[in-house]
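What follows is one structure encoded as structure tokens, with my remarks underneath.
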Amino acid sequence: MNGSTLQRSFHFVVAVSLVGLCLSSPLWSQNSSAPPILLGTAWYPEQWPEAQWESDLSLMEKAGVRMVRVGEFAWSRMEPSEGHYDLDWLDRAVAAAGKHGIYAVLGTPTAAPPAWLTQKYPETLRVDKEGHRAEHGNRQQFNWANPKYRELARKIAEQMAKRFGRNSLVLGWQIDNEYAEVSFDPETRSQFQQWLKARYGTLDSLNVRWTTAYWSQTYSSWDQVPIETDYGNPGLLLSWQRFVSDTWRSYQKNQLDVIRANSDPRQFITTNMMGWFDGYDHYTVAQDLDLAAWDDYVGQGHLDPARNGATHDLTRGFKQKNFWVMETQPGSVNWAPINNSLDKGEVRAMAWHDVGHGADAVSYWQWRSALNGQEEYHGTLVGADSTPVPLYSEVQQIGQEFARAGSVLAGTSPRSEVAILHSYDSRWAIQWQKHNKDYDPVEELISYYRPLRAISQSIDVLPPTARLERYKLVVAPGLNVFSESTAKNLAEYVQQGGHLVLGQRSGMKDDDNGLQPARQPGPLVELLGGRVEQYYALADPVPVAGKFGSAQGKQWAELLSAKADDVEVLARYGKSNGWLDGQPAAITRRVGRGRITYIGAWLDDAAMAAAAKWMSEVSGVKPALGPVPDGIEVYPRYGENREVYVIVSFAKREETVTLPAAMVDVLAGGTKQTVSLPRYGVAVLSSTH
Ligand code: GAL
């Protein structure tokens, strides 16, 4: 793609997506006068005497809290015995919050079934791999595939929707809570076999695509197919994970349909996801939701803005629009090996880092610890005595700032020139056959993300079948599984003038987790003009030298060949195991106006930074705001008639950022050409008011 065509197509796409932005202002802001950027908290009114609600809500109001998430574990309170529903208390809680200018997001309570339910219908309890049935006393003990459980879950969701579906204080719905646990009972196994039948049609087809001739695995009847999760046939493993994903989708749809049928369409429906958690394919589950949301916990240690930012971008990619942080830690958690607190100022820095990445709500878990229950030690905003903890005033500052910046940020979203491709199929495929025990596909992705974000200041993380033409650079680290549609999408992107960079372990498997008959990158070998001749798991690092400097490659090394004359070798291995010595480690080739690059080594940080610089330069990727000092994070959000830059400092000392033009300082007031920030300092700068 030459410069001017690229500019033109980029501007066209920007124009189209801006039109999209205006047409799709967030559902909750169409419904009410709720603020565009929301501060929230998880509140459990059912755990406290009603007489206490008023003082809680007053303190929330003072902190600038504008949203409470309620209800998500309160099933025994909502339906104390089968078919006897009591939602009056919830109605009173929602109304009481509303008097303080606080809106509600209602959680369906299905992550915590009541004791009467699991006692009466034990088949609704999940069964683990060893055949043990879960018991009451914790949560998530339900079986997500069980028809009886779905019937009861649907009924409670329906009752809630009928009661609150037209309540303008209710902005939206969270279905269940953090989908995770599955069941291995015989009924679920037979559902899996039915699923296989629907997917493969005939056993002959399944046997061929899974190569079941291997180890005499050939099936002559569907009910012979087992469940395997760790060391089974690769096609069987991948199918089970896809079945799990589809079953979460239908589990969710069971509630979603009944909520939709009984609610104002402006109420959104979401669920709270868990970052890189790979128990199911989030792209499958997210397709029915209005909004993606996730629970963002640092746990032990401190915020790593690149790692956490990649997770925000992953979540934003589920719907390819702004998302919510449905839960985040008020200082500390209770489940890490050491539950240290974030530093003073770090919680605020993190809240703005969230918004910068496209979060439109940041909600703290939780308001106050229950007096008993498993999470007594977790961070909160008020103590057991219901008075503020030290962090409260920092959260209050966030509340004031969200209120001040809300109108400027309204209708703005991140936009990127760079996309990184991510796929659950590929992650699973690598994890089942790591070949090097230390190999972690998420770490591989982050090794590319970190330096590329530092250069571009904005990245989209997307599934491999996403539309790619708007990106100047698309990077696919560890895209191990290539379906036909993925291969076609990537080839078209290059042919239309994009720059595709494939990272190590790309293009090895087909859609059934079988080997591609062609060497890596399989269907893209022709386009690349080269291929992976052999891969080597590394016990020790190997030297790599070339355009990215002199580096050590770790864990994995692919010996590349350059078959076509116009392939350029970017880097070669140094002396190591003899096979790799002097052989290509990275190659690139121009294809018309586009380019395809393959990097076969896991480069060290310095070389990866150089590689990212090279990728950006040849692709025309520029930093959104221009260069900034190390430790300064820039988060651009674009709207119809403005650009907003959230800037957060994670630098050790005070640093000064020189802006390319004078901008409005939204938080501090005035117009600025430079901003100086201490560690954890925040600035929100807008091109216009
Ligand atoms: C989340 C969960 C919350 C709470 C929180 C504690 O995973 O959704 O209910 O348990 O962790 O950090």
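All values derive from a computational prediction rather than experimental measurement. When a ligand or atom number is given, it counts from 1 through the structure's own listing order.
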How far is atom 5 (C) of ligand 1 from its nearest protein heavy atom, and which residue and atom is that?
Y297 OH, 3.4 Å
Run the salt-bridge test on D185 and R126 with the 4.0 Å N-O cut-off and return the result as yes or no.
no
Looking at Y121, does the NZ or CZ of K148 lie under 6.0 angstrom from its six-membered ring centre and within 45 degrees of the ring axis?
yes
Would you mind checking which non-hydrogen protein atom is closest to atom 2 (C) of ligand 1, with the distance to 0.1 Å?
E327 OE1, 3.3 Å
Atoms of ligand 1 close to N177 [distance to a heavy atom under 4.0 angstrom, numbered from 1]
2 (C), 8 (O)
So, do H312 and W294 have ring centers that fall under 6.0 Å from each other?
yes
In ligand 1, the atoms that come under 4.0 Å of a heavy atom of F73 are 9 (O)
Could you tell me whether R154 and D257 have a side-chain N and a carboxylate O separated by less than 4.0 Å?
no
Subset of ligand 1 atoms that lie under 4.0 Å from at least one heavy atom of D295
8 (O)
Between Q140, E178, R139, flag the one that comes closest to atom 9 (O) of ligand 1 by a heavy atom.
R139
Check for me whether the distance between the ring centres of W116 and H136 falls short of 6.0 Å.
no
Restricting to non-hydrogen atoms, name the atom on V94 and the atom on L169 that form the minimum distance, rounded to 0.1 Å.
O-CD1, 3.6 Å
Contact atoms of ligand 1, heavy-atom distance to H378 under 4.0 Å
6 (C), 12 (O)
Is E72 close to ligand 1, meaning an N/O of one under 3.5 Å from an N/O of the other?
no
Answer side chain, backbone, both or neither: which part of Q329 comes under 4.0 Å from ligand 1, heavy atoms only.
neither
When you measure from the centre of the six-membered ring of W89, is the NZ or CZ of R77 closer than 6.0 Å and no more than 45° off the axis?
yes
Validation row, ring centre W240 to ring centre F192 under 6.0 Å
yes
Show the atoms of ligand 1 that are less than 4.0 angstrom away from any heavy atom in E375.
4 (C), 5 (C), 6 (C), 10 (O)
Taking non-hydrogen atoms only, is M274 closer than 4.0 angstrom to ligand 1 via side chain, backbone, both or neither?
neither
